[in-house]
Amino acid sequence: MPDLPHTAAALRAVVADRTVSAEEVCRQTLERIAALDGRLHAFLHVDADRALDRARALDRLKVPAGPLHGVPIALKDNVITRDMPTTAGSHLLDGHRPLYNATVVDRLERAGAVIVGKTVCDEFAMGSSTEHCAFGPARNPWALDRVPGGSSGGSAVAVAAGLVPIALGSDTGGSIRQPAAFCGIVGLKPTYGRVSRYGLIAFASSLDQIGPLAHSVDDAALVLSVIGGHDPLDATSAAGQPFEAAGGRRDDLRGVRIGVPRALLETGVAADVTAAFDAALGVLTDLGATIVTIDLPHSRFAVPVYYLVATAEASSNLARYDGVRYGVRAAADSLGAMYDRTRSAGFGAEVKRRIMLGTYALSAGYYDAYYRKAQQVRTLIARDFDTAFDAVDLVALPTTPTTAFRFGAHLDDPLSMYVADVFTVSAPLAGLPAVSVPAGLSSEHLPIGLQLVGRAWDEAGLLRAAGAYERRTPWAGRRPRVLDA
Ligand code: GLN
């Protein structure tokens, strides 16, 4: 059996024309996971029987189920799956098998995708490395002593290592784009409201969005076209904002104006990242785009604003797991096992830290000084983008200030990990779509990401530019060498 195509679009084509069966694709996927995941730990749970059953059912259909017919997919473990464990990386939800599917799960299955399992993430999606996963971190396939990024690190590893062609993550302050950058793949955070959050275990509800991790911009667009769209079960999901994957490719960017907030990039960015970013701007210029210096004056406050807003919302969202106040004790007969775990394991240190920060920011004496102020500055950050988008079509930034760091590098100093989110937190605070695409390798052979931010609802324009860049560079589809050793 020859190697299967590594993109979802190409794989779907060979399954749909019956060159290979969905069952065979599924078998090879499961074999590769079995061979490699011991070293990578991308998965918390693999459901081989369910995946094979589903693949065989697809093979029995007379016509392909949809645009992901036979394509294996992995889901971050904060996306709720019926009868399949869903822990959000927390001991608190150990053994939890939900009774329903997230909307995105139903949509993927209707489109023919085969869900193979659930991936490692930081507990309740709080983190940038997967080191806060209660069940242990995932490892970066480019260098096994490095973090894959987080919090959707397991999904990024599963794609980067070729275990699955596509995966879903969730992005609150960078959790799709940052691991995509660290692992050398594409990661897309959609416009807030584009993708239903129904069945996404909440971290910070005004920021959370589900999105794809993929090998190509086209695959990311394909997944978005399947999972996006209005959902009556999520009051924040928008109606009347259609997105078509086949929104027209372009191989030049003539007439496209790209803004670069130079003042934000002056300090704290690693030399390799700056060099790759400048080279990427050169490629965009060669494609015909005009690079314009812009000012996003309030984005320098984005990290503190994000960590006030996100922790405040998290403290409110996670109150439901407080077994003492919300009656788990009363239901201890049926929930006895879970109650014991709540007491013995409970939340990890990072989640506790965030609940305390958020509770403090929302407390009566400090609400005006912290939470209200943060919301005001959040509005100013969004307005800066509005102003910038009068003059430019897209904003370009590095995705991260450094390449993937070593395990433990930030664990004693949580603030130093927060600060590294400097380039990813503005887009969700402003509700804007943003994508990270591979933009080269550092001198240590570690991936670097180029981030593009678009106007609200303009994923089509955003992905057209990202796709044109991707096709002009040699970085797309590069696989980590470490796995072939
Ligand atoms: N790293 C950020 C945080 O720790 C972002 C997390 C996310 O997007 N879920 O909050």
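Each ligand, and each atom within it, is numbered from 1 in the order the structure gives.
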For S151, the ligand 1 atoms whose distance to one of its heavy atoms is below 4.0 Å:
9 (N)
Near A125, which atoms of ligand 1 are under 4.0 Å from a heavy atom of that residue?
6 (C), 7 (C), 9 (N)
Counting each atom of ligand 1 from 1 as listed, which ones have a heavy atom of F203 under 4.0 Å away?
9 (N), 10 (O)
Any donor-acceptor pair under 3.5 Å linking the side chain of H215 with the backbone of P165?
no
Take every heavy atom of Y418, measure it against each atom of ligand 1, and state whether any distance is under 4.0 Å.
no
In terms of atom number and element, which parts of ligand 1 are under 4.0 angstrom from non-hydrogen atoms of G127?
1 (N), 2 (C), 3 (C), 4 (O), 6 (C)
I'd like to know if K189 and D171 make a salt bridge, using a cut-off of under 4.0 Å between side-chain N and carboxylate O.
no
Distance under 4.0 Å to a non-hydrogen atom of D421: what atoms of ligand 1 satisfy this?
1 (N), 2 (C), 3 (C)
Among all the protein's non-hydrogen atoms, which is closest to atom 7 (C) of ligand 1, and how far away is it?
S175 OG, 2.4 Å
At less than 4.0 angstrom from any non-hydrogen atom of S128, what atoms of ligand 1 do you find?
1 (N)
heavy-atom search around atom 3 (C) of ligand 1 in the protein gives Y307 OH, 3.2 Å
Which label fits F135 and H91: parallel for a plane angle under 30°, tilted from 30 to 60°, or perpendicular past 60°?
perpendicular
Per-atom contacts, ligand 1 versus Y306 - under 4.0 Å to a heavy atom:
2 (C), 3 (C), 5 (C), 6 (C), 10 (O)
Between Y321 and F124, what is the ring plane arrangement, given parallel below 30°, perpendicular above 60°, and tilted in between?
tilted
Do D393 and R455 meet the salt-bridge criterion of a basic N to acidic O distance under 4.0 Å?
yes
Between D83 and R97, does any NZ, NE, NH1 or NH2 come within less than 4.0 Å of an OD or OE carboxylate oxygen?
no
Give a yes or no on whether a salt bridge exists between E123 and K352, defined as a side-chain N under 4.0 angstrom from a carboxylate O.
no
If you apply the rule ring-ring contact (aromatic ring centres under 6.0 Å, His included), what do you find for Y198 with Y100, and how did you get there?
CA-CA 10 Å; Y198 181 74; Y100 66 101; 5.5 Å; yes
Using a 4.0 Å cut-off to any heavy atom of G173, which atoms of ligand 1 qualify?
5 (C), 7 (C), 8 (O)
Taking NZ, NE, NH1 and NH2 as the nitrogens, is one of them in R50 or E109 under 4.0 Å from a carboxylate oxygen of the other?
yes
Is M126 close to ligand 1, meaning an N/O of one under 3.5 Å from an N/O of the other?
no
For R354, state whether at least one heavy atom is located under 4.0 Å from any atom of ligand 1.
yes
